[in-house]
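All heavy atoms count here, side chains included; hydrogens, waters and symmetry mates do not. Each ligand, and each atom within it, is numbered from 1 in the order the structure gives.
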Amino acid sequence: MIERAVVPGPAPGREPAADTVPEDAAHIRPASRLRGELRMPGDKSISHRALLLAALARGESRIVGAGDGADVRSTAGIVAMLGATVVRERETGRTVDYRVVSPGIDGLVEPADVLDCGNSATSLRLAAGVLAGMPVTAVLTGDASLRRRPVARIIEPLRSMGAVLHARRNDSLPPVTVVGRTPLRAIEADMAVPSAQVKSAILLAGLRADGRTTVREPVPTRDHTERMLRARGVPVERIVDEGPPGGPVAWRIEGRVDVRAVTEAVPGDVSAAAFWLVAAAIHPDAELRLSGVGVNPSRRAVLDHLRRMGAAIEEIPERPDDGVGEPTATITVRSSRLEGIELGPTDVAASIDEIPILCLAATQAHGLTLIRGARELRHKESDRLAGIVTGLLAVGASIEATGDDLLIEGPTPLHGAEADSLDDHRLAMTFAIAGLIASGETIVLRPHSADISYPGFFGDLEAVRA
Ligand code: S3P
């Protein structure tokens with residue numbers, strides 16, 4: 001057993017995982033068949049939240065099977081800088097078990113240095129929500145990509161709760177300085193863009209507010225924070241508005257309630273699983289099995305979109321959904337004949353991280369795929385709307401972006417070419433999967449970024465090509 005304390009200090013950066021991540025380009029040859037059983041890294045979104053909530057809870061929390069990508073490590077570094085003891089106990093290369101011992105929210109300390117969030121917007125935005133309610137001054141920053149990502153969306157609501165925040169470029173870009181305050185004012189926030197990160201920042205600040213804070217989202221986004229707060233004894237209520245499913249939803253949190261320390265098992269990351277779901281569905285001779293995958297209703301849209309496209313996906317439930325914990329399933333996927341699909345803004349919000357790999361699926365689907373209202377993709381680790389179009393065009397796809405929409409015509413045979421990940425993990429993995437069905441050699445530039453969410457991805461790619 002490995003026992004290693006996370007030392008307070010800058011986040012550990014982005015060393016490639018110890019497996020087969022190549023230097024500056026990954027050369028991918030087509031696979032004659034795909035077979036195997038894989039275990040995904042722990043869900044990135046849940047792992048960030050588990051670490052931050054462990055910092056807020058007094059006593060010992062255990063996080064079993066957290067994702068061990070660079071983003072989650074950034075959050076572990078932040079939690080250590082706030083004065084909690086973070087111990088890495090069991091490492092598998094993909095996952096790590098953490099033991100976090102915290103003095104609780106009132107015992108946390110002002111960080112002695114800037115908080116380095118690396119590439120991780122989730123670390124930055126959620127930590128801002130926590131810091132807003134603490135009597136400290138802290139600076140949140142990150143790598144060049146993170147310093148291009150919008151923060152006005154968190155600054156505005158956290159300011160209206162009484163914290164003082166400033167950021168570069170007229171309060172729009174990191175670094176962000178947070179001067180927190182206890183207690184905060186409870187607010188009713190209306191979010192302009194669907195964002196689970198913004199919703200979570202407001203809920204985490206709401207924990208430190210006098211009274212009840214309400215946050216309304218235009219369309220539903222992932223609800224991990226809400227479930228995890230409930231599981232730790234904090235009342236969080238879902239207020240369903242009238243109207244069709246997929247419409248606006250509001251959440252209300254009770255302030256000044258203690259967060260309980262718990263042990264939580266993190267499910268496999270469905271956003272990582274999505275790469276294999278598509279790989280098998282578009283490959284002519286494939287069968288892959290993925291066990292322990294998180295199938296939370298607010299995260300599983302990629303499975304449903306692919307099924308609607310005709311993907312042969314079987315799902316055997318493991319952990320059931322009790323509305324508080326996280327349901328899981330074993331998923332088997334086989335070679336499929338896919339059809340084009342139309343996805344609107346609600347679908348996009350529900351599968352925001354899977355749009356790049358869904359675009360690859362669409363290149364192999366019969367007919368047109370239209371993805372409407374994908375503007376938020378421009379504000380991810382790269383401008384993903386531009387990056388996906390450039391990369392897939394390079395390998396022979398028929399794809400265009402018009403405004404915030406994507407139009408893809410299929411099926412098109414893909415051919416090897418250079419595709420640039422733009423240092424964006426989801427683009428790197430999408431282009432690597434394209435290489436499994438493209439003729440010749442596909443060269444993915446800057447593949448290291450896969451380690452952000454999926455350490456071991458290139459090892460798994462080699463393992464399943466039989
Ligand atoms: C995340 C929310 C999404 C997603 C990101 C993780 C989260 O971002 O793209 O990878 O854990 O809350 P937005 O909330 O900005 O859409």
### Message
Check contact between His224 and ligand 1, using heavy atoms of the residue and a distance below 4.0 angstrom.
### Response
no

### Message
Can you tell whether the side chains of Glu60 and Arg62 come within less than 4.0 Å, N to carboxylate O?
### Response
yes

### Query
With a cut-off of 4.0 Å, which atoms of ligand 1 are near a heavy atom of Lys44?
10 (O)

### Query
Does His379 have a non-hydrogen atom less than 4.0 Å from ligand 1?
no

### Message
So, regarding Glu376 and ligand 1 (criterion: nitrogen or oxygen to nitrogen or oxygen, under 3.5 Å), is there a contact or not?
### Response
no

### Query
Among Glu326, Arg319, Glu315, which residue meets the side-chain contact (heavy atoms from CB on, under 4.5 Å) test with Val295?
Glu315

### Query
With a 4.0 Å cut-off, would you call Asp404 and Arg372 a salt bridge?
no

### Query
Quick one: which of Arg299, Lys44, Arg222 gives a salt bridge (charged side-chain N to carboxylate O under 4.0 Å, His left out) with Asp269?
Arg299

### Task
Examine ligand 1 and decide if any of its atoms is less than 4.0 Å from a heavy atom belonging to Arg125.
yes

### Query
Of all the non-hydrogen atoms in the protein, which one sits nearest to atom 1 (C) of ligand 1, and at what distance?
Gln197 NE2, 3.6 Å

### Query
Are any of the N or O atoms of Val198 closer than 3.5 Å to those of ligand 1?
no

### Donor + acceptor pair across side chains of Ser102, Arg58 (<3.5 Å)
no

### Task
Decide, yes or no, whether a salt bridge links Arg88 with Glu91 under the criterion of side-chain N to carboxylate O below 4.0 Å.
yes

#### Entry: Which residue and heavy atom of the protein sit nearest atom 12 (O) of ligand 1, plus the separation
Arg49 NH2, 2.6 Å

### Polar proximity ligand 1 side, Ser200 side, N/O cut 3.5 Å exclusive
no

### Summary
The single option from Asp322, Asp321, Asp43 that satisfies salt bridge (charged side-chain N to carboxylate O under 4.0 Å, His left out) with Arg227 is Asp321

### Query
Can you list the ligand 1 atoms lying under 4.0 Å from a non-hydrogen atom of Ser45?
1 (C), 6 (C), 7 (C), 11 (O)

### Message
Please report whether ligand 1 has a polar contact with Lys380, defined as an N or O pair separated by less than 3.5 Å (distance criterion only).
### Response
yes

### Ion pair Arg446/Asp420, N-O distance below 4.0 Å
yes

### Salt bridge flag under 4.0 Å for residues Asp68 and Arg94
no

### Query
Quick one: which ligand 1 atoms are inside 4.0 Å of a heavy atom on Ala196?
12 (O), 14 (O)

### Task
Check whether any heavy atom of His48 sits under 4.0 Å from an atom of ligand 1.
no

### Query
With a cut-off of 4.0 Å, which atoms of ligand 1 are near a heavy atom of Ile352?
9 (O)

### Per-atom contacts, ligand 1 versus Asp353 - under 4.0 Å to a heavy atom
4 (C), 5 (C), 9 (O), 10 (O)

#### Entry: Ion pair check, Arg232 and Glu264, cut-off under 4.0 Å
yes

